[in-house]
Every structure is written in C-alpha cells, then in structure tokens.
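Structure first, commentary second.
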Amino acid sequence: MLQGNCTAVLDFILLAFPIHPEHQVLLFLGISIVYATIITGNLLIVVAVWGDSHLHTPMYLFLVTLSVVELCYTAVVVPQILVTSLQERKTITFRSCCTQMFLFIGLGSADCFLLAVMAYDRYVAVCRPLHYSLIMTQWLCIQLVAGSVLSGFLVSSMLVGLIFHRPFCGGHGVEHFFCDVPPLSQLASNKTKLDEVGIFLSGIMAIAVPFMLICTSYVSIAAAVLQSRSADSRRRTISACSSHLAVVALQYGCCCFMYLRPSASFSPKQDQMLSMVYTLGTPLLNPIIYSLRNREVKAALGKVISQDK
C-alpha cells in the first residue's frame, strides 16, 4: 500500500452516517426492524419449503438457495452498519473492508446468477414439460447452484483485486455506509483505463450476462404462452412466472444503475440511498412477493404458522 508519498491506509472512515445522535438512533432502529423482518421472512421460506415434501422440487430448491444467499449477504453488511451507527468513530479496518466487499459482491453476484437459473427452470417447465424431470435432475440442480455461487465469487475476486491492488493516496473517507465498489473505486489512486474496463467487464459478467439469459428464457416462455390454446394454462404460467419477474426487475434495476455506468457519474448521496434499497429492499420484498404470488408457498407458510400456535 506504500507508493511515493502515500501513507498506508489502516482503516477507512464511513462518511454516510448522520452526525446527530438522535438521527443515528433512528437509523439504528429503522434498519434493525427491517433486518429482523428480512431474517424472519427468509427463514419462513426456508422452513416452509423444507417442511413440505410437495415443495421438494427444483424451483423451490432454487428459491430456498436464493433466501439463504440473501440472508448471508445482508449478514455481511447490516450488522456492521448497526454497530457503526452507534459508535463514535465510524471506521472499518482495511482488512475488514476488503473482506466485506469480497463477500458482499460475491453473494450479490451469486444472487443474480441464481435468478438466471430460476428463469431457465421456468423455461424448461413451460417449453419442455414432458422432459422436465429428465432435464432438471437433482445433480443438475446442485451443479447450477454451485456454479452460481462459484461464478459470483469469481467476479468478486476480480473486482476486489482490481480495486485493492491500487494505493489509496486520496484519503480514507468512504462516502458510504459500508465498503462497496463505486466509493472505493473513486477513492483508490493511480486509476488506469485498464482498471476501469476490468471493473466494467466484471459488472457485465455478474449483471448483464445473467440478465440476457433471463430475457432469452422469457422470450421463449412468452412464445409458448401465446401459442397455448388453453386460457387456464396461460393464466397458470403467467402466475408462476410473475413473482420471479418482479424480483428480477427490482434486483437488476438497482444493480444496473449502480454498477453498469461510467465512474464519472458517481453520486454519493444518490448511490447511498440506492445501495440501501438493494441491500435491504430486495431481501425484504422477495419473501413477500413469492408468498403472495404463489399458492403453494402460502399454503406451506400457513402450515408452519399454524404449527407454531
């Protein structure tokens, strides 16, 4: 980390937190409530699917994996935000910052890949229904889940390497609540065109490629729906896919705006708010969307809740 007149950065100051104590307490309480809801909602999805043998199918395996990944990537960021919000010094060590970014980007990217896998599962179910059980075998599902997670951490390794191999001569104040790509990329010194291209290509791999796969799957699904003569079949297909599409729109809308844009357009306040939306909003809304739009999940959740009473 030493280069020329640069001093080694031992920690970063997180500048996004409010200064006034009452505002810090409000931030702590608000995020605590949202985080508790995220944990409850996603754990209910996991328990409901695990406890209902009728839901032991590829689609629900991917849904459970999505919930687990979202529990993990919020756990990487949110507890640190809560603790830091009540501390006098809003700092995070260099090593912790690097580790946090690696885990957060890795799990977030895995989330994007999993949404593409879920779209492929819907494509096979709608367009190849007679071959579904032959194609979507247990072994293939495990491979798809493992591939999604490994791909996510491959992207994360590239991003973290591109950012943290450079010295931080411009200071150690991070305009954010946690260590994310845009503010750290802005802070690092000696930026080259190659670094910027590498960061952009990493975003393409994690966001644009899975999104194109999702679009391709749903174009085929839409064609199959339009060719179907059964109104009931069309309604069931649309109902089965609508929850996934809603989650895709929320996830990719935020991610595309955050990561697939020139670094010169970085806006600290705007990005802080948007990052909180995809860090807290997506994991919060996913269980709600899937439970409201899916009768089988609602029935399984009803069983779980009734057993607890």
Side-chain angles (χ1 to χ4, degrees), residues 9-43 69-105 107-108 111 159-160 163-164 168-188 247 249-259 261 263-289:
V9 173
L10 301 179
D11 55 29
F12 294 101
I13 301 174
L14 300 169
L15 302 175
F17 290 92
I19 299 173
H20 301 293
E22 59 271 22
H23 294 163
Q24 294 175 5
V25 172
L26 287 173
L27 179 69
F28 177 86
L29 292 175
I31 292 179
S32 297
I33 293 169
V34 173
Y35 188 43
T37 309
I38 288 170
I39 294 173
T40 303
N42 283 284
L43 283 179
V69 167
E70 291 185 340
L71 283 170
C72 291
Y73 93 71
T74 52
V76 168
V77 171
V78 178
Q80 173 260 316
I81 294 176
L82 292 174
V83 171
T84 306
S85 67
L86 298 180
Q87 290 178 336
E88 185 177 349
R89 281 179 53 82
K90 316 296 185 186
T91 59
I92 183 170
T93 65
F94 179 87
R95 182 173 295 179
S96 296
C97 184
C98 183
T99 303
Q100 184 184 68
M101 184 186 289
F102 173 73
L103 294 174
F104 179 72
I105 298 298
L107 292 164
D111 205 52
L159 272 171
V160 171
I163 292 172
F164 282 90
F168 291 87
C169 301
H172 58 167
V174 180
E175 293 280 355
H176 216 300
F177 294 99
F178 59 92
C179 293
D180 202 0
V181 173
L184 266 297
S185 180
Q186 288 290 315
L187 196 62
V247 171
L250 181 64
Q251 175 86 353
Y252 282 91
C254 293
C255 288
C256 286
F257 187 81
M258 279 293 294
Y259 300 112
R261 58 175 180 163
S263 59
S265 64
F266 175 69
S267 172
K269 293 297 181 184
Q270 180 177 274
D271 288 4
Q272 289 162 19
M273 296 304 298
L274 190 62
S275 69
M276 295 302 278
V277 170
Y278 72 75
T279 302
L280 296 172
T282 305
L284 175 67
L285 292 175
N286 281 3
I288 297 172
I289 291 170

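Everything numeric here is computed off the predicted structure, so don't read it as measured data.
- The two residues S275 and D180 have their closest heavy-atom pair at CB-OD2, 4.3 Å.
- Minimum interatomic distance between Q100 and Q80 (heavy atoms only, all atoms of both residues): NE2-OE1, 2.7 Å.
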Next on the checklist: Does E70 form a side chain to side chain contact (heavy atoms under 4.5 Å, CB included) with T282? I'd like the steps, not just the answer.
Outcome noted: CA-CA 8 Å; E70 291 185 340; T282 305; 3.8 Å; yes
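- When side chains are defined from C-beta on, I105 does not count as touching V160, because their heavy atoms never get closer than 4.5 Å.
- Distance check: I38 CD1 to L43 CG gives 11.5 Å after rounding to the nearest 0.5 Å.
- Between F164 and M101 the shortest heavy-atom distance is CE1-SD, 3.8 Å.
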Next on the checklist: Working note: Y35 + I81, criterion side chain to side chain contact (heavy atoms under 4.5 Å, CB included); need CA distance, chi angles, decisive distance, verdict.
Outcome noted: CA-CA 11 Å; Y35 188 43; I81 294 176; over 6 Å; no
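- H23 and P18 get closest at one heavy-atom pair: CB-CB, 3.6 Å.
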Checklist entry - After noting the C-alpha distance and the side-chain angles of F104 and T279, does the key distance pass the side chain to side chain contact (heavy atoms under 4.5 Å, CB included) rule? => result CA-CA 9 Å; F104 179 72; T279 302; 3.7 Å; yes
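- Checked against side chain to side chain contact (heavy atoms under 4.5 Å, CB included), S85 has the following partners two or more places apart in sequence or in another chain: F17, L27, F28.
- Atoms CG and OH, on D111 and Y252 in that order, are 8.0 Å from each other to the nearest 0.5 Å.
- When each of D11, L14, T84 is paired with R89, the side-chain contact (heavy atoms from CB on, under 4.5 Å) condition holds for D11 and for no other.
- Side-chain N or O atoms of Q24 include one that pairs as donor or acceptor with a backbone N or O of I19 at under 3.5 Å.
- Side-chain atoms of N42 come within 3.5 Å of backbone atoms of P283 as a donor-acceptor pair (strictly under, hydrogens ignored).
- Rounding to the nearest 0.5 Å gives a distance of 7.0 Å between CG of L71 and CD1 of I39.
- I31 and M276 get closest at one heavy-atom pair: CD1-CE, 3.6 Å.
- Contact check for C179 versus V174: no side-chain heavy atoms found under the 4.5 Å cut-off.
- From I92, atom CD1 reaches atom NE2 of H176 across 12.0 Å, with rounding to the nearest 0.5 Å.
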